Amino acid sequence: MRIDLTDLRLFLLVVEHGSLTQGAVAMNLSLAAVSERISNMESILGTPLFERVRRGVRTTVAGDALIRHARLILGQVEQMRGELDTYASGLKGRVRLMSNTAALSSFLPQKLCDFLARNPDLSVDVDEKPSTDIVLAVAKGHADLGIVANIIDLAALQAQVIAQDQLVVVVKRTHRIASLPFVTLAEIVDEKFIGLSDAALERHLGERASLLGRKIDYRIRMRSIENVCMMLEAEIGIAVLSESAVVSLQRSDLVIVPLQEPWATRQLYVCARDFAALPPRMQLLASFLMGV
């Protein structure tokens with residue numbers, strides 16, 4: 001027979017009460033069962049743990065050593081249980097969020113910074129994907145939570161607006177439209193474009209250009225705003241970007257020109273198949289993003 005946690009708890013209760021009988025009462029066991037368990041422990045360890053005295057029992061030297069170990073083991077078990085309870089409740093661990101480029105290049109980094117500061121037991125994995133891929137992944141159950149633009153059909157999902165994304169045109173200060181108060185797509189559609197790796201935005205612009213009987217000509221597509229700006233400064237082309245992603249950039253050679261189109265104002269949504277069915281830690285992140 002091996003010594004188990006019940007044996008250790010029983011041993012400490014007998015020590016606390018100084019009596020096998022009182023230890024049996026505290027553990028809701030019969031005196032015979034307690035005597036058998038203590039005898040088995042002594043047999044396994046090869047030494048007596050108690051000696052009988054007039055009013056009960058007291059520990060031997062070996063029993064005193066076991067007290068220290070039993071308290072340490074049971075304390076660690078309780079610590080383990082408490083820590084795992086936070087995982088079971090969903091309030092500790094990692095959360096996975098899928099986000100489009102527009103959110104990641106604008107408001108989302110600060111939001112996640114605030115979230116992590118308030119929830120030190122949580123970590124976040126961010127997977128950058130086009131809005132189309134995110135909606136498909138969430139709908140099929142391959143992802144719990146996503147941030148997408150409203151240019152994608154969200155009918156199959158639950159969604160909540162969390163930010164507004166205004167599209168603007170960014171050009172070199174010497175460009176012909178740099179001094180204009182605003183432009184329309186028709187005025188720039190024949191320009192050479194520098195694209196940001198945001199498939200949803202590219203498709204959105206492409207659909208609008210097709211209504212004009214035109215096609216967007218991308219000279220190059222970059223993954224970061226900084227690299228797009230480098231191309232703009234070199235006069236490689238122009239770019240249509242999220243205003244919040246570029247307004248804070250300190251680029252004296254670049255100019256932001258408003259894109260005056262009804263469709264240039266996009267809504268960014270956090271979406272899920274069912275917010276109420278999310279694991280608790282995912283619900284916590286969703287609520288934080290929604291400002292609830």
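Everything quoted here is computed from the prediction, not taken from an experiment.
- Taking CD1 of I216 as the start and CD1 of I188 as the end, the distance is 7.0 Å to the nearest 0.5 Å.
- Of the inter-residue distances, the one linking N40 atom CG with S35 atom OG reads 11.0 Å to the nearest 0.5 angstrom.
- A donor-acceptor distance shorter than 3.5 angstrom exists from the side chain of Q283 to the backbone of L278, with no hydrogens or angles considered.
- L104 and S99 make their closest contact through CG-OG, 3.7 Å (heavy atoms, listed as atom of the first residue, atom of the second, distance).
- Note that the CD1 atom of I3 and the CD1 atom of I44 stand 5.0 Å from one another [nearest 0.5 Å].
- Contact between I147 and A103 at its shortest, heavy atoms only, is CG2-CB, 3.7 Å.
- Inter-residue side-chain proximity for V135 and L154 is flagged as met; some heavy-atom pair is nearer than 4.5 Å.
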Legend entry - Pair M231-R219, side-chain contact (heavy atoms from CB on, under 4.5 Å): steps then yes or no: CA-CA 10 Å; M231 295 291 173; R219 292 195 67 190; over 6 Å; no
Discussion item. Quick one, V255 with V257, criterion side-chain contact (heavy atoms from CB on, under 4.5 Å). Give me CA distance, side-chain angles, the key distance, then yes/no.
Written reply: CA-CA 6 Å; V255 175; V257 183; 4.1 Å; yes
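- Two residues are said to be in side-chain contact when any heavy atoms from C-beta on lie closer than 4.5 Å; E261 and R208 fail this criterion.
- A search for ring-ring contact (aromatic ring centres under 6.0 Å, His included) contacts involving F275 returns nothing, not counting sequence neighbours.
- In this structure, F11 and F50 have tilted ring planes: the angle between them lies in the 30° to 60° band.
- Using a 4.5 Å cut-off on side-chain heavy atoms (C-beta onward), I38 and E42 make contact.
- Inter-residue side-chain proximity for I73 and L5 is flagged as met; some heavy-atom pair is nearer than 4.5 Å.
- With respect to the salt-bridge test (charged N to carboxylate O, under 4.0 angstrom), the residues R37 and D7 qualify.
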task: Report the C-alpha distance between V124 and L122 in whole Å, list the side-chain angles of each, state the deciding distance to 0.1 Å, and finish with yes or no for side-chain contact (heavy atoms from CB on, under 4.5 Å).
output: CA-CA 7 Å; V124 179; L122 287 175; 5.7 Å; no
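- For the 3.5 Å distance criterion, the side chains of T101 and E128 qualify, holding a donor opposite an acceptor.
- The side chain to side chain contact (heavy atoms under 4.5 Å, CB included) test with L268 is passed by exactly one of N150, V161, N100: N100.
- Counting only N and O atoms by type, the side chains of E187 and T184 include a donor and acceptor under 3.5 Å apart.
- Residues I177 and V189 share a single hydrophobic cluster, defined by chaining ILVMFWY side chains whose heavy atoms lie under 4.5 Å apart.
- Cluster annotation: V25 is not connected to L20 through the hydrophobic network of ILVMFWY side chains, with a link wherever side-chain heavy atoms come within less than 4.5 Å.
- Taken to the nearest 0.5 Å, the CG atom of L185 stands 7.0 Å off from the CG atom of L205.
- Within 6.0 Å of CG in N28 there are 12 or fewer heavy atoms belonging to other residues, nucleotides or ligands.
- The closest side-chain heavy-atom distance from S242 to V246 is not below 4.5 Å.
- Rounded to the nearest 0.5 Å, atoms CG (L8) and CD1 (I67) are 12.0 Å apart.
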Please walk me through it: do D253 and R173 pass salt bridge (charged side-chain N to carboxylate O under 4.0 Å, His left out)?
-> CA-CA 5 Å; D253 288 342; R173 187 171 294 278; 5.5 Å; no
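- Looking at R176 and E191, a side-chain N of the basic residue comes within less than 4.0 Å of a carboxylate O on the acidic one, giving a salt bridge.
- For the atom pair N227 CG and L232 CG, the distance stands at 11.0 Å (nearest 0.5 Å).
- Between F182 and V168 there is no side-chain heavy-atom pair separated by less than 4.5 Å.
- The closest side-chain heavy-atom distance from R203 to T132 is below 4.5 Å.
- No continuous path of ILVMFWY side-chain contacts below 4.5 Å connects L136 to V148, so the two sit in separate hydrophobic clusters.
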